[in-house]
Each structure stands twice: as structure tokens, then as C-alpha cells.
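Here the structure is laid out as C-alpha cells; the discussion comes afterwards.
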Amino acid sequence: MTLPLYKHLLPASELNAALSFSTAARTTVQTVFQGVGATVIVLLNHNDALFGLLNAATFLFSAGALIRQRRTLQAAEPKRAAALHQRLPLIQSMRRTLAFLHHDRFLFILIIFALLINMLMTANAGMMSVTLLSTPNLWLSNYGYTVAVLSMTSSIGLILGSLFAADGLQKLSLMQLLALSLGAELLLAIAFLANGPRA
């Protein structure tokens with residue numbers, strides 16, 4: 001969503017740095033507000049209805065900020081040919097996409113890697129919760145704090161990875177990085193399955 005805006009405001013040579021900094025900033029804000037959210041719901045004595053209203057108010061505030069900057073965002077949108085605005089039927093669109101992927105094997109493999117990594121990450125998140133629920137000796141004070149700490153640790157790793165791009169891994173190709181990510185998620189899944197709760 002923000003890429004067209006960056007392209008409009010920044011030279012091409014600065015896009016990588018801008019995207020890395022944006023990821024770090026976004027993750028930092030998410031991490032901080034995870035802690036703020038956990039604190040607020042405790043202060044509200046677990047009043048979920050009031051907490052939901054506060055959450056909705058923050059979304060409305062964000063929508064208002066976007067509406068105020070609408071002209072700037074519209075100016076940053078790339079100009080597209082009128083033909084692109086014509087919507088194709090779903091079947092025809094799928095055929096074109098599959099034909100394109102058939103000719104571009106690299107993109108096809110990239111999508112498969114991304115799909116597998118996302119599937120494993122989603123599965124691992126669920127297995128982590130189940131494993132922690134059944135093993136209280138791994139808790140830090142209580143279950144909620146443990147999940148929050150693990151989530152924040154992951155976020156801090158993402159922030160550091162975004163800010164310090166010159167870590168040696170930049171010499172690897174995109175496919176090698178994806179293979180490493182997939183392997184790490186697979187090993188984590190195996191660890192959860194091996195040490196998870198027994199029926």
C-alpha cells in the first residue's frame with residue numbers, strides 16, 4: 001500500500017532503506033501497543049466491550065488521518081492505462097494468471113515458497129499456544145505474559161533485521177533466504193510436534 005507513495009517521494013536508490021525503516025517502525029509501534037493493549041485491558045478490569053470501543057475509536061482516528069491525506073495518496077498512485085480498469089471475468093483472469101506463472105517459473109516457485117512458509121508460520125503459532133497451555137513449567141509468571149514475551153521477542157528480531165540489513169545474509173539469493181526461512185519454520189514445527197502434549 002505504501003510502495004507507490006515511496007516511489008513518488010523517494011529516489012529509487014533509497015527505496016530499500018525506506019522499506020526497511022518502515023518495517024522497523026511499524027513493528028516497533030505494534031510491539032509497544034501490544035504491551036499498552038495488555039495493560040489497558042487489565043486497567044479496564046477485562047471489560048471487553050469498552051476495550052472494543054477504544055479499539056474501534058483508534059481505527060476511526062486512522063481512517064480520519066488517511067482521509068485528510070487523500071490527495072497526497074492519490075497523487076502517488078501510479079497512472080494506469082484505461083485497459084487495466086476493465087475487469088475480466090474470474091475464470092479468464094485465473095487462466096491468464098496461470099498462463100503467466102507457467103512461463104515465469106521463478107515467480108511460481110517464489111509463490112510456492114511463500115505459501116509454504118505462511119502455512120507453517122500459522123501452524124506453528126497454534127502449536128506454540130497449545131504446547132504452552134499444556135506445559136505450565138515453561139511459563140514466565142503466567143500463560144498470557146509468556147505469549148506476550150514470545151510475540152515481542154519475535155517483533156524485536158524483525159525490527160533488528162530491518163534496521164541492520166548488512167548482516168551477511170544479504171549475499172544470499174532470494175531463493176536461498178526463502179529456503180532458510182522454510183527450513184527454520186519446519187524445524188520449529190518438528191520441535192513442537194516432538195515435545196507437544198501427548199494424548
Side-chain angles (χ1 to χ4, degrees), residues 1-88 90 93 97 107 110-111 113-115 117-122 124-126 128-129 143-167 169-170 174 177-178 181 185:
M1 178 182 174
T2 56
L3 186 57
L5 188 61
Y6 291 153
K7 286 183 175 179
H8 179 71
L9 297 173
L10 298 168
S13 59
E14 299 295 327
L15 280 178
N16 262 348
L19 288 170
S20 291
F21 181 78
S22 172
T23 301
R26 183 171 63 249
T27 309
T28 301
V29 170
Q30 288 174 348
T31 304
V32 169
F33 279 93
Q34 280 175 350
V36 170
T39 304
V40 168
I41 199 164
V42 169
L43 291 174
L44 294 175
N45 207 17
H46 295 277
N47 187 332
D48 293 331
L50 183 55
F51 187 76
L53 288 173
L54 286 174
N55 198 27
T58 61
F59 276 104
L60 286 173
F61 178 77
S62 300
L66 286 173
I67 290 168
R68 287 189 61 186
Q69 299 298 323
R70 183 175 54 186
R71 288 184 181 178
T72 305
L73 295 170
Q74 285 175 339
E77 279 291 323
K79 304 298 180 189
R80 292 179 290 184
L84 291 178
H85 291 287
Q86 298 174 357
R87 298 196 174 198
L88 296 171
L90 179 61
S93 176
T97 303
L107 184 59
L110 193 68
I111 290 172
F113 263 114
L115 178 64
I117 290 169
N118 281 325
M119 285 172 59
L120 279 170
M121 286 177 67
T122 304
N124 283 340
M128 180 189 74
S129 298
Y143 173 76
Y145 282 121
T146 307
V147 172
V149 167
L150 287 172
S151 177
M152 289 175 72
T153 303
S154 175
S155 298
I156 290 167
L158 184 57
I159 293 166
L160 293 175
S162 299
L163 290 176
F164 303 103
D167 54 5
L169 294 176
Q170 76 273 14
L174 180 59
L177 289 171
L178 285 172
S181 298
E185 289 295 333

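By convention here, the first residue in the shown sequence is residue 1.
Taking every heavy atom of both residues into account, T58 and N55 meet most closely at OG1-O, 2.5 Å.
Note that CG of L66 is 10.5 Å distant from CZ of F61, once rounded to the nearest 0.5 Å.
Taking L44 as the reference, V40, N47, L50, F51, L54 meet the side-chain contact (heavy atoms from CB on, under 4.5 Å) condition, with sequence neighbours excluded.
Between I117 and L120, the closest side-chain pair of non-hydrogen atoms is not below 4.5 Å.
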